[in-house]
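Below, read A as the first sequence line, B as the second, and so on, with proteins coming before strands; counting in each chain starts at 1. All values below were derived from every heavy atom in this structure, side-chain atoms included, with hydrogens, water molecules and symmetry-related copies excluded. Just so it is clear, the structure is predicted and the values come from calculations on it, not from any experiment.
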Number of protein chains: 2
Amino acid sequence: MPRPKTRIQIRNSETILEAALDVFSAHGFRGATLDQIAEVAGLSKPNLLYYFPSKEAIHHALLTRLLATWLDPLRDMDAAGDPVAEVMGYVRRKLELSRDYPRESRLFAIEILQGAPRMREAIEGELKALVAQKAKVLQTWMDEGRIARLDPVHLVFSIWALTQHYADFDVQVRTVLGDGRDPYAEAGAFLETLYTRLLAP
Amino acid sequence: MPRPKTRIQIRNSETILEAALDVFSAHGFRGATLDQIAEVAGLSKPNLLYYFPSKEAIHHALLTRLLATWLDPLRDMDAAGDPVAEVMGYVRRKLELSRDYPRESRLFAIEILQGAPRMREAIEGELKALVAQKAKVLQTWMDEGRIARLDPVHLVFSIWALTQHYADFDVQVRTVLGDGRDPYAEAGAFLETLYTRLLAP
DNA sequence: GTCTATAAAACGATAGAC
DNA sequence: GTCTATCGTTTTATAGAC
């Protein structure tokens, strides 16, 4: 499927990527098998390879299309807005992403954990550049005394770590909290308190 | 090797576990192969299986022996000590663990990320119980007004997330920071600031 | 205890019928 | 476009010589 054109091609490509997300996010690249993906997708294995030339190609398509989504919340942090509200908004959007797209979070986590063998380019390029740009915005806000003076890059790391933890370590979080508690609702409140105190000038 | 006895048995078991840590932490259980582990260990594949009955057994031995180490810093948080100093000490010890044992951190991360299929028992038992016990200690300190009132369990989650991030996402952290910066030194300073502000009553 | 050789199953990918 | 059948390889694990 070099370029999906017909409706059925688009639909099947989507079905495959959806199934692949399930399997890759649960087992990593090498741990995932085409048999599993085919079964989840409800297609035969050769049919998978009719739409994508290889296992590698499916994984690559997944990562590429997800990177954009994953960086959107940071991209939306506006230099012209109110500093505290902008950072808080970023934290909130990132936590919502963890809540609504936990498989995507785990897919990225596994990839980076394993040394990012299939995503180095994106990290060294797009991701690094975006962080550098937003770090400057944060630095300006700090220099103006509108938020507390902190290392801006580690501030971004902290937001990634604290929000993605709830998706990536979901099993542990739910086990430790026990039944009847809503991890994401509680995390939202906790993180609002945390960043309110941390950012106060 | 049901029970290592002789010196050579102990030494080879250690060599195998050390090599297995390398490979499992980099590729996860299914992504790792006995061939790889054997090559890193400098032993033949059948020799590996002379010391451990199966791939599963090697992985299990690794996880079991590492869980204790991983929980030690939290275990050392002393109810009789100074609250702020105790939490700070926990953060520091946990960050040192990330710095000195990043492979162990990634091994646990991959396991939990994948739904903890080989560690559920430990999480539901030992880990959950320890967190519950220490959450009570934190709650007491909060009730006494000695640290700020927060959800104690999410406070523990935040320490896990913020410290383990530097080991688990090492590649990303180093790429974004760029050369010539020491992630762990900077993280130490950042986290001390963060928890100082967060915990102030 | 350690090796070579190999069994048995699973894996990514292809051939070719329809 | 989708299937069955299968190739060639890799993988876990075992057999048996030494």
Taking only residues two or more places apart in sequence, or in another chain, which ones meet A/Glu121 in a side chain to side chain donor-acceptor pair (under 3.5 Å)? none
Tell me if the CZ atom of A/Arg30 is crowded by more than 12 foreign heavy atoms within 6.0 Å. yes
Nucleotide C/dA13, atom P - distance to CD1 of A/Ile16 in whole Å: 13 Å
Using heavy atoms and a sub-4.0 Å distance, could you list which residues of residues 32-49 of chain B are near DNA chain C? By number, please. B/Ser44, B/Pro46, B/Asn47
Under the salt bridge (charged side-chain N to carboxylate O under 4.0 Å, His left out) test, which residues partner B/Glu96, sequence neighbours left out? B/Arg92
Once you build an axis from the first five pairs and another from the last five of the helix from C/dG1-D/dC18 to C/dC18-D/dG1, how far apart in angle are they, to 10 degrees? 10°
Applying salt bridge (charged side-chain N to carboxylate O under 4.0 Å, His left out) to B/Arg75 and not counting sequence neighbours gives B/Asp72, B/Glu126
From the 5' end of DNA chain D to its 3' end, which nucleotides mark the outer limits of contact with chain A, defined by a 4.0 Å heavy-atom distance cut-off (strictly under)? D/dG1 to D/dT11
Taking only residues at least two apart or on different chains, which pairs with a member in residues 57-68 of chain B satisfy side chain to side chain donor-acceptor pair (under 3.5 Å)? B/Glu14-B/Arg65
List in chain and number order the residues that pass side chain to side chain donor-acceptor pair (under 3.5 Å) with B/Glu39, two or more places apart in sequence or in another chain; answer none if no residue qualifies. none
Please list all pairs meeting salt bridge (Lys or Arg N to Asp or Glu O under 4.0 Å) that have one or both residues in residues 183-197 of chain A, counting only residues at least two apart or in different chains. A/Arg181-A/Glu186
Using the test salt bridge (charged side-chain N to carboxylate O under 4.0 Å, His left out), find all partners of B/Glu18 that sit at least two apart in sequence or belong to another chain. B/Arg103
According to salt bridge (charged side-chain N to carboxylate O under 4.0 Å, His left out), who are the partners of A/Asp35, at least two apart in sequence or on a separate chain? A/Lys45
Sequence neighbours left out, what pairs pass side chain to side chain donor-acceptor pair (under 3.5 Å) with at least one residue falling in residues 104-117 of chain B? B/Ser105-B/Asp168
